[in-house]
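Sequence positions, counted from 1, serve as the residue numbers for this chain. Note that this is a predicted model, so its numbers are computed, not measured. Indexing begins at 1, ligand by ligand and atom by atom, following the structure's order.
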Amino acid sequence: MKNTVLSLMKMKESREKISMLTCYDYSTARLMESSGINMILVGDSLGNTMLGYPDTLSVTMEDMIHHGAAVVRGCNDIFVVVDMPFMSYQTSVYDAVVNAGRLIKETGCNAVKLEGGAAVKDQIKAITDAGIPVVAHIGMTPQSVNAFGGFKVQGKSEAQAARILQDAYDVQEAGAFMVVLECVPAKLAALISEKLAIPTIGIGAGEGCDGQVLVYQDMLGMFQDYVPKFVKHFANAGEMMVQAFKDYDQEVKAGTYPTEAHGFKIEEEIIEKLKEK
Ligand SMILES: Nc1nc(=O)c2c([nH]1)NC[C@@H]1CN(c3ccc(C(=O)N[C@@H](CCC(=O)O)C(=O)O)cc3)CN21
Ligand SMILES: CC(C)C(=O)C(=O)O
Ligand SMILES: [Mg+2]
């Protein structure tokens, strides 16, 4: 049965962990749907994993709509969240509502996600007031990579930890129904998870969160540019793919693929007639 904002919030109450993975295309969405995971995130991490950018800053609304709509076409039964890309909501509350609305209308997703705490309270409130569920994202927010000086864990000092806790309270108060905690110390994430009424979804935020999210190419072992410390390889799909590509290359070159079984037949007579032309 498909989750809703209500059933996801109830999972926190009953201490049932929430599983989320990123997804960017139709065929992967079909596969994920048969796995039992609770939620899909069409993350702006598609800038890295699908488009080959060094960060998420170049990702556009058009990119998110293109991939988001493909994922939604593959999902009958999973709650889908689409990331708002860099500069689609930071510029004004008006831009935030217009662009959140476009993501909902043009992809068919169930909720949107945006990065930031206190700084985007007004945006979260306005999008929520428009009837669009919002997932917040605090801690190490990759769209601020240049401000952070790299993809570095946030919240180790007392001042930073206090700011992140306040961000968590702020996004909850503004109306977010869920919050992603990225790359923050495990004990800080556990404390925030206890204090908030809304579910927390961790990535590099330890075992105390109400759920977890990973980039699917990371957990399948098929992304090689970098491997963050929080990633666990649940498969070595990268190795399997390279082996299959090698086998194909060899068989094509050796003439062992394709065989007759992979081809289509035609009446011999027709070929004989064509030979005379
Ligand atoms: N494939 C992929 N996976 C991700 O998790 C991800 C993306 N892309 N793109 C957007 C952001 C970028 N993220 C990143 C990228 C790198 C590290 C990383 O390498 N961290 C180091 C250093 C941590 C530190 O020094 O504080 C690590 O060892 O984990 C972490 C998160 C998370 N997001
Ligand atoms: C890793 C998650 C939280 C994300 O924002 C993304 O994939 O873009
Ligand atoms: Mg993102």
* Asked: Which residue holds the protein heavy atom closest to atom 23 (C) of ligand 1, what is that atom called, and what is the gap in Å?
  -> Phe151 O, 3.6 Å
* **Per-atom contacts, ligand 1 versus Val153 - under 4.0 Å to a heavy atom** => 24 (C), 26 (O)
* To do: For Gln154, enumerate each residue passing the side chain to side chain donor-acceptor pair (under 3.5 Å) test, keeping only those at least two apart in sequence or located in another chain.
  => none
* **Salt bridge Asp210-Lys12, side-chain N to carboxylate O under 4.0 Å** => yes
* Please walk me through it: do Ile138 and Val171 pass side chain to side chain contact (heavy atoms under 4.5 Å, CB included)? -> CA-CA 9 Å; Ile138 62 175; Val171 299; 4.3 Å; yes
* Structure fact -> min-distance protein heavy atom vs atom 9 (N) of ligand 1 -> Asn48 OD1, 2.9 Å
* **Distance-only N or O hit between ligand 1 and Ser45, under 3.5 Å** => no
* Asked: Does any N/O atom on Lys152 come nearer than 3.5 Å to any N/O atom on ligand 1?
  -> no
For a distance cut-off of 3.5 Å, show me each N or O of ligand 2 paired with any protein N or O, plus the separation.
from: ligand 2; atom 1: 5 (O); to: Asp83; atom 2: OD2; distance (Å): 3.3
from: ligand 2; atom 1: 5 (O); to: Lys113; atom 2: NZ; distance (Å): 2.8
from: ligand 2; atom 1: 7 (O); to: Ser45; atom 2: OG; distance (Å): 2.6
from: ligand 2; atom 1: 8 (O); to: Asp44; atom 2: N; distance (Å): 3.1
from: ligand 2; atom 1: 8 (O); to: Asp44; atom 2: OD1; distance (Å): 2.8
from: ligand 2; atom 1: 8 (O); to: Ser45; atom 2: N; distance (Å): 3.0
from: ligand 2; atom 1: 8 (O); to: Ser45; atom 2: OG; distance (Å): 3.3
from: ligand 2; atom 1: 8 (O); to: Asp83; atom 2: OD2; distance (Å): 3.0

* Is the closest side-chain heavy-atom distance between Glu115 and Met84 below 4.5 Å? -> no
* Given that the side chain starts at C-beta and the backbone is N, CA, C, O, which of these parts of Pro228 lies under 4.0 Å from ligand 1, counting heavy atoms, or is it both or neither? -> both
* To do: Check Glu33 against Asn76 and note the closest heavy-atom contact, atom names and distance.
  => OE2-N, 2.5 Å
* To do: Before accepting this row, confirm whether a basic side-chain N of the pair Glu62/Arg102 lies closer than 4.0 Å to the acidic partner's carboxylate O.
  => yes
* Is Lys246 close enough and on-axis enough to Tyr248, meaning under 6.0 Å and within 45°, for cation-pi? -> no
* Structure fact -> Note: heavy atom closest to atom 32 (C) of ligand 1, options Gln224, Glu182, Met50, Lys229, belongs to Glu182
* Is Ser14 reaching over with its side chain to a backbone N or O of Lys10, donor-acceptor style, under 3.5 angstrom? -> yes
* **Presence of salt bridge, Lys275 and Glu272, under 4.0 angstrom** => yes
* Asked: Taking all non-hydrogen atoms of both residues, which atom of Ile40 and which atom of Ile78 are closest, and how far apart?
  -> N-CG2, 3.7 Å
* Asked: With atoms numbered from 1 as shown, which atoms in ligand 1 lie under 4.0 angstrom from a non-hydrogen atom of Pro142?
  -> 11 (C)
* To do: Tell me which part of Asp218 gets within contact of ligand 1: side chain, backbone, both or neither, using heavy atoms under 4.0 Å.
  => side chain
* To do: Mind checking whether Met140 contacts ligand 1 via backbone (N, CA, C, O), side chain (CB onward), both or neither, at a 4.0 Å heavy-atom cut-off?
  => side chain
* To do: Within a distance under 4.0 Å of any heavy atom of Thr49, pick out the atoms of ligand 1 and give their elements.
  => 1 (N)
* For Ala96, does its backbone N or O pair with a side-chain atom of Asn99 as donor and acceptor, under 3.5 Å? -> no
* Enumerated ligand 1 atoms positioned under 4.0 Å from heavy atoms of Val215 -> 1 (N), 2 (C), 3 (N), 4 (C), 5 (O)
* Asked: Do Phe79 and Met20 come within less than 4.5 Å of each other through their side chains, counting heavy atoms only?
  -> no
* side chain to side chain donor-acceptor pair (under 3.5 Å) between Tyr24 and Thr22, intermediate numbers included -> CA-CA 7 Å; Tyr24 317 102; Thr22 70; 2.9 Å; yes
* Asked: Is the closest N or O pair between Tyr226 and ligand 1 shorter than 3.5 Å?
  -> yes
* **Polar contact flag, side-chain donor to acceptor under 3.5 angstrom, Ser45-Asn48** => no
* Structure fact -> Phe223 heavy atoms within 4.0 Å reach ligand 1 at atoms 1 (N)
* What is the name of the N/O/S atom in Asp44 that sits closest to the Mg ion (ligand 3)? -> OD1
* To do: Please name the atom of Asp83, restricted to N, O or S, that is closest to the Mg ion (ligand 3).
  => OD2
